[in-house]
Structure formats: structure tokens, C-alpha cells
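Keep in mind it's a predicted model, so treat the numbers as computed, not measured. Proteins get letters first, then strands, A, B, ... in listed order; numbering begins at 1 in each.
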There are 2 protein chains.
Amino acid sequence: MNQLEIIDMVKGKGFKITPQRRAIIEALFFFEKPPTAKEVLEIVRKKHPEISLDTVYRNLNLLAEIDCLIQINLKNSETSRFEIIKNHHHHLICLGCGEAVCLESCILDRHMGVLREKGYQIVGHAFEIYGYCPACRTAG
Amino acid sequence: MNQLEIIDMVKGKGFKITPQRRAIIEALFFFEKPPTAKEVLEIVRKKHPEISLDTVYRNLNLLAEIDCLIQINLKNSETSRFEIIKNHHHHLICLGCGEAVCLESCILDRHMGVLREKGYQIVGHAFEIYGYCPACRTAG
DNA sequence: TTATTAAATAGGAATATTCCTATTTGGAGG
DNA sequence: CCTCCAAATAGGAATATTCCTATTTAATAA
């Protein structure tokens with residue numbers, strides 16, 4: 001998913017495109033690792049010095065709700081990170097180094113049908129596995 | 001899983017049993033709905049008026065790490081809730097009323113084998129589906 | 001029982017995240 | 001182009017959660 005596709009998605013759901021929102025979406029593509037909300041703020045402030053942290057959080061949450069972004073909450077009390085969804089997938093997150101390893105398939109699919117039949121409307125989901133990668137395991 | 005089993009689990013992992021820790025574990029069984037950290041604090045303070053919120057959080061996190069507890073993070077910005085694990089399972093959480101519907105099977109099992117073979121050590125996981133239950137859906 | 005030590009605690013500071021409110025603005029329709 | 005209004009914003013307050021440090025204590029072994 002690229003910037004334009006995300007913007008179309010936002011419009012399609014009936015939300016407005018503001019300069020701040022556009023800048024936040026742009027910023028998300030600058031990073032190699034999924035950024036924190038603060039890191040996004042720093043980038044966006046170059047164009048919009050007055051933007052508030054709340055606006056960043058609000059937009060990140062919106063993007064997560066419409067399934068353009070996933071919020072990664074490490075258990076080891078690092079602050080949350082936000083990653084653009086390219087192909088929909090989930091992660092194994094290493095508690096040692098924070099590396100997020102992609103899992104191939106989306107496990108939600110199995111449940112979707114059953115839940116829909118029961119009358120539930122699904123708007124999002126989170127699935128994370130916590131553990132240690134081989135390197136951190138060796139290092140102790 | 002009952003109180004004694006949890007205490008054994010804690011001991012088994014090499015952690016100490018303090019009066020505060022024991023009281024927190026007891027308290028978790030008082031609630032009908034998974035409580036927030038503050039709600040746990042209130043109960044525990046009846047026996048330990050001086051206990052700190054940090055101690056509650058620290059112990060809840062510990063119990064979650066050793067898989068005796070799951071932390072439920074609603075997306076609608078309600079504060080986190082903590083639920084004793086009886087049979088291991090996951091939830092669908094309604095964004096309207098906060099109801100947590102249990103899913104029968106643990107979806108992690110499919111991935112466990114593959115990850116272990118690759119040398120990963122898994123210590124925990126989280127899987128949550130966010131949406132609306134039939135009642136809230138009708139209510140708009 | 002006593003000594004020892006790593007783990008746990010209390011309390012307050014620091015940080016992360018969300019809420020609140022007055023104000024601004026995107027975009028639809030005339 | 002204008003008008004209009006729901007949605008979005010800034011800024012600061014409120015809350016949730018974690019961190020830090022000096023002190024206490026559970027559990028082990030002598």
C-alpha cells in the first residue's frame with residue numbers, strides 16, 4: 001500500500017484530507033523501522049511546526065482503524081510503534097532487540113466467517129507473539 | 001487455574017511470594033469482569049493500605065509474562081483490563097460495550113512449531129479482534 | 001536461627017497516551 | 001465562488017503506565 005492508496009482509503013471511508021493528515025501519512029514512509037508517535041511528530045513538525053502530539057496520535061489511531069497501519073505494543077515497556085500495512089500480516093516481536101519478524105499468513109481469516117455469521121462486525125484485530133529471536137537467545 | 005496453581009507457577013519460575021503479590025493474586029478472583037489496575041489496587045489496599053500502583057502494574061505484568069493473565073487493551077481508549085487465564089483462549093472485544101467474547105481455540109498453535117524450528121523462543125502472545133457485537137451494531 | 005543476597009517494594013518523578021474545549025477548515029451543495 | 005457544518009486541529013489538562021532509587025524482605029544455605 002502506498003501513500004495515494006492510503007489517502008484514497010481515508011477519503012473512501014468519509015474522512016477529510018487535511019494538510020496535517022497528509023503530512024503524517026507521508027512521514028510514515030520515511031522510516032526503516034516502524035516509528036513511535038514522537039518520531040512521526042518530529043518529521044511532521046518540519047512542515048507543520050505547530051502540530052500537536054494529539055493530532056499525531058489521533059491520525060495514527062484512525063489509520064489503524066481503517067486497516068492501513070498496525071500498532072505494535074512491545075511488552076517490554078518500550079513505547080508503541082506504528083507500521084504501514086503493505087501486505088496484511090502479523091509479527092513475532094523479539095523482546096530482546098525489538099525486531100519484528102513477519103508471519104506469512106493472516107490467521108484471522110479462519111475466524112472471520114464464523115463471527116460474521118453470528119452478527120459481529122469486525123473492524124480490526126491485533127495478533128502478536130512475544131519471545132526471543134535466535135540471536136538474543138544465544139546472547140542470553 | 002486457581003490461586004494456588006498461580007502461586008505455584010510463580011514459585012516455579014523462581015519468583016518470590018510476597019504478601020502484596022499474594023494479595024494481588026487473590027484480588028483477581030473477586031471480579032466478574034476483568035478489572036483495571038486501579039480496581040485491583042482498591043481491593044488490595046484493604047489489606048495493604050500502603051501498596052503502590054507501580055507494584056500492582058509490576059505484578060500484573062509478571063503474571064502476564066508467565067501466562068497466568070492476559071492484558072486486554074481496548075482500542076477505544078478505555079484503560080487496560082487484566083483477566084485470569086482459565087483455559088487458554090482469546091477474545092473478540094466489542095468496541096461498543098467492551099464485552100469480551102471468548103474464541104474457542106488458540107490460534108497460536110499452528111505457528112508454534114514453525115517458529116520453534118527456526119530457533120525462536122516464544123514466551124507469550126496476544127491476539128485480539130476489534131469490532132461490534134450484534135447489539136451495539138443494531139444500536140448504531 | 002542467622003547471614004546473605006537477589007528480588008520486591010513504596011513513593012514520587014517521568015513519560016506515554018487520551019481527553020476537553022474553543023477555534024479552524026475541508027469539501028459538499030447551491 | 002459563497003455558505004455551511006461536521007470533522008479536524010492546537011494546546012493544555014487529565015490520566016495511564018513506567019521508571020528510578022533507597023529501603024525492605026523472601027528464600028536459601030550454613
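Look at CG on A/L41: it is 11 Å from P on D/dG11, rounded to the nearest Å. Computed from coordinates, the A/N59 CG to D/dA7 P distance equals 15 Å when rounded to whole Å. Taking atom CZ on A/F15 and atom P on D/dT9, their separation rounds to 12 Å, with Å as the unit. What separates CZ of A/R21 from P of C/dT24 is a distance of 19 Å, to the nearest Å. When the P atom of D/dT9 is taken as reference, atom CD of A/Q20 falls 5 Å away, rounded to whole Å. The distance between atom NZ of B/K11 and atom P of C/dA8, rounded to the nearest whole Å, is 14 Å. Between the CG atom of A/N61 and the C1' atom of D/dA8 there is a distance of 14 Å, given to the nearest Å. Atom pair A/Y57:OH and C/dC20:C1' shows a separation of 18 Å (rounding to whole Å applied).
The nearest pair of heavy atoms linking B/A27 to B/V40 is CB-CG1, 4.4 Å. The two residues B/S52 and B/R45 have their closest heavy-atom pair at CA-NH2, 4.4 Å.
Side chains of A/E26 and A/K47 form a contact here, defined as non-hydrogen atoms less than 4.5 Å apart. For the pair B/T36/B/L41, no side-chain contact is recorded, criterion being any heavy-atom separation below 4.5 Å from C-beta on. Looking only at side-chain heavy atoms (C-beta outward), B/I43 and B/F31 come within less than 4.5 Å of each other. Side-chain contact between A/T18 and A/N59 is absent, with no heavy atoms from C-beta onward closer than 4.5 Å. The closest side-chain heavy-atom distance from B/R58 to B/D54 is below 4.5 Å. Contact check for B/E50 versus B/H48: side-chain heavy atoms found under the 4.5 Å cut-off.
Contact between the side-chain N/O atoms of B/S80 and the OP1/OP2 oxygens of D/dT17 is found at a separation under 4.0 Å. Look at A/K38 and you'll find a side-chain N or O under 4.0 angstrom from OP1 or OP2 of C/dA16. Side-chain nitrogen and oxygen atoms of B/T18 include none within less than 4.0 Å of the OP1 or OP2 phosphate oxygen of C/dA7.
Comparing B/I24 and A/I17 by the nucleotide of DNA chain C whose heavy atom lies nearest to each, the residue mapping closer to the 5' end is B/I24. Summary of the strand contacts: B/K16 and A/A37 both lie near DNA chain C, and taking for each the nucleotide with the nearest heavy atom, the more 5' one is attributed to B/K16.
Within residues 43-56 of chain A, the residues approached by DNA chain D to less than 4.0 Å at the level of any non-hydrogen atom are A/E50, A/I51, A/S52, A/D54, A/T55, in residue-number order.
Helix-axis bend for the helix from C/dT1-D/dA30 to C/dG30-D/dC1: the local axis fitted to the five terminal pairs at one end deviates from that at the other end by 50°, rounded to 10°.
Here C/dT9 is the nucleotide among D/dT9, C/dT9, D/dA6 with the atom lying nearest to any side-chain atom of B/R58.
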What pairs of donor and acceptor atoms, side-chain ones from residues 4-16 of chain B against any protein atom, are under 3.5 angstrom apart with sequence neighbours left out?
unit_1: B/E5; atom_1: OE1; unit_2: B/N2; atom_2: N; d: 2.9

